[in-house]
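The structure appears right after this line, and notes come after that.
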Amino acid sequence: MAAIVRLSSACHRGVKPLFYRSTLLARPLVVPNKDQERPYLLTARIHASQALYGSGSKAASLHWTGERVLSIILLAMGPVAYFYPSPAIDYSLAAAVTLHGHWGIGQVLTDYVHGETKIKTANAALFLLSTVTFAGLCYFNYNDVGICKAIALLWSK
């Protein structure tokens with residue numbers, strides 16, 4: 001079995017990175033058949049992510065920016081939660097961790113779940129998981145020591 005690979009795709013020095021080039025999404029593969037003299041081409045189809053918003057949409061850009069801002073806020077909340085534990089920080093951490101996980105798992109579902117019914121089922125399960133996660137963290141904050149003190153207790157032992 002032999003594959004056709006262009007040297008320019010391996011050593012491309014253009015503006016686009018190698019993995020974002022459209023030639024990598026559907027590539028022919030030359031397979032010699034033992035019964036035939038001439039090889040035939042096989043092509044593989046790779047599912048790319050679906051566009052949730054129209055191309056060039058402002059909403060997609062704002063969502064991406066929101067994800068990055070939340071990640072930076074979570075980095076800052078770690079030391080603040082350790083040095084200044086309070087119920088406000090506990091509930092803020094509960095909301096931020098839940099939202100961060102919801103957006104992250106949502107991106108995984110967007111990339112790997114295909115089919116109308118499967119997408120709807122996966123999104124419903126994601127919303128249920130996020131709701132249960134937030135409710136559980138709030139319950140832990142209200143009825144126990146809270147997230148900040150729980151992490152401090154884990155680190156102290």
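Note that the structure is predicted; figures quoted are calculated from it, not measured.
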Do [X] and [Y] have side-chain heavy atoms sitting under 4.5 Å apart?
X    : Y    : result
D144 : Y139 : no
I119 : L109 : no
C148 : L93  : yes
W103 : L70  : yes
Y142 : Y91  : yes

Transitively linked via ILVMFWY side-chain contacts under 4.5 Å: [X] with [Y]?
X    : Y    : result
V97  : I73  : yes
M77  : F140 : yes
F127 : L129 : no
Y84  : I89  : yes
L74  : L137 : yes

Item checked: ring-ring contact (aromatic ring centres under 6.0 Å, His included) involving Y82 - partner list, sequence neighbours excluded -> W155
Check: Among pairs that include at least one residue of residues 64-79, which meet side-chain hydrogen bond (donor to acceptor under 3.5 Å, both in side chains), considering only residues two or more places apart or in two chains?
Finding: H63-E67
Notebook entry, point to check: For residues 117-138, which residue pairs qualify under side-chain hydrogen bond (donor to acceptor under 3.5 Å, both in side chains), counting only residues two or more places apart or in two chains?
Noted result: H102-S130
Notebook entry, point to check: What closest approach, in Å, do V145 and A150 show between heavy atoms, and which atom pair accounts for it?
Noted result: CG2-N, 3.8 Å
Notebook entry, point to check: Closest heavy-atom contact between G146 and N141?
Noted result: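 It is CA-OD1, 3.4 Å.
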Item checked: K149 side, atom NZ; L154 side, atom CG - distance, nearest 0.5 Å ->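 Result: 14.5 Å between the selected atoms.
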Note to self: Is it the case that the side chain of S156 and the backbone of L153 share a donor-acceptor pair, with hydrogens and angles ignored and the cut-off at 3.5 Å?
What the structure shows: yes
